[in-house]
Amino acid sequence: MTHDTFEIAGRRFQSRLLIGTGKYKDFEETRTAIEASGAEIVTVAIRRTNIGQEAGAPNLLDFIPPEKYTILPNTAGCYTADEAVRTCRLARELLDGHDLVKLEVLGDHKTLYPEMHETLLAAEALVEDGFKVMVYTNDDPIAAKKLEEMGCVAVMPLGSLIGSGLGLLNPHNLRIIIEEAKVPIIVDAGVGTASDAALAMELGCEGVLMNSAIAHAQKPVLMASAMKKAIEAGREAFLAGRMEKRAYASASSPLAGVIGQ
Ligand SMILES: CC(=O)[C@@H](O)[C@H](O)COP(=O)(O)O
């Protein structure tokens, strides 16, 4: 499987597991979990994590160095297109012109569901401004297509609500989105355990982004390692092509060809 890489915005990656940096006990635990996950793309909430905004405070980039990981600044905590666009511009300044961002514009505090009108406005403005936009969206195939047509480099439908751990609530919609897509589809949010991640990959997603399932596991580093394997297993199962489901049994040792029959 070493050649099974995937591409986002002209960059190639081996690992299909994208990982968040929130909710860990401390930066050291963040570092160890990310290491165990094998992730190459690491997302950072610019409004919540210090990557240089606060001089003198502990800086995440000392633990997750940009020379080793692709840092993916995200707009978590933004509720309007304006806030999201400003946050991406701040990230670009802090990261010396880095243009790959994860856009999320949220609708309310209770569901953290994407606000699609503001998301579309922000995506348009950011693409226009030269950003490579990976965008968090609901699992609506029409919205996913619009975001792709606007020039987003990856579309990231939710599995279920951020931080809920409820898994993939609508695999049927995800399948439609994947079938229609010409850019990578990456499930973002709601993964609770390894089988959720494997299922997303079996559906044909290019990758999965997760945070809570690892950071809130009782043993985050062990869960990070489990997720790495689940993503790889799900991908291999997708490439292998699953058998058809049948309504009735089919003997494991068929009689056809048996001597004496
Ligand atoms: C880290 C990040 O970008 C989150 O907004 C993301 O959606 C993860 O969700 P979970 O915490 O449910 O994995």
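All heavy atoms count here, side chains included; hydrogens, waters and symmetry mates do not. Numbering of ligands and ligand atoms starts at 1, following listing order.
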Item to check | Candidate list Asp188, Thr87, Thr43, test side-chain hydrogen bond (donor to acceptor under 3.5 Å, both in side chains), partner Asn74, passing option | outcome: Thr43

Checklist entry - Does Gly163 have a heavy atom less than 4.0 Å from any atom of ligand 1? => result yes

Next on the checklist: If you measure every N or O of Asn211 against every N or O of ligand 1, does any of those distances drop under 3.5 Å?
Outcome noted: yes

Checklist entry - Would you call Lys102 a ligand 1 contact, heavy-atom distance under 4.0 Å? => result yes

Item to check | Ligand-residue contact atoms, ligand 1 with Glu104, heavy atoms, under 4.0 Å | outcome: 3 (O), 5 (O)

Checklist entry - How many angstroms lie between atom CG of Leu126 and atom CD of Glu128, to the nearest 0.5 angstrom? => result 10.5 Å

Next on the checklist: Do Thr75 and Lys102 pair up side chain to side chain, a donor and an acceptor below 3.5 Å, judged on atom types alone?
Outcome noted: no

Checklist outcome for this item: Quick note on ligand 1: atoms under 4.0 Å from a heavy atom of Asp188 include exactly 6 (C), 7 (O), 8 (C)

Checklist entry - Which atoms of ligand 1 are found less than 4.0 Å from any heavy atom of Met210? => result 13 (O)

Next on the checklist: Under the criterion side chain to side chain contact (heavy atoms under 4.5 Å, CB included), I'd like the reasoning laid out for Ile19 against Met227: C-alpha separation, chi angles, the key distance, then a yes or no.
Outcome noted: CA-CA 10 Å; Ile19 201 164; Met227 291 298 186; over 6 Å; no

Next on the checklist: Could you tell me if Asp108 and Thr111 have a donor-acceptor pair between their side chains, going purely by distance under 3.5 Å?
Outcome noted: yes

Checklist entry - Considering only heavy atoms of Ile162, which atoms of ligand 1 have at least one such atom less than 4.0 Å away? => result 5 (O), 7 (O), 9 (O), 12 (O)

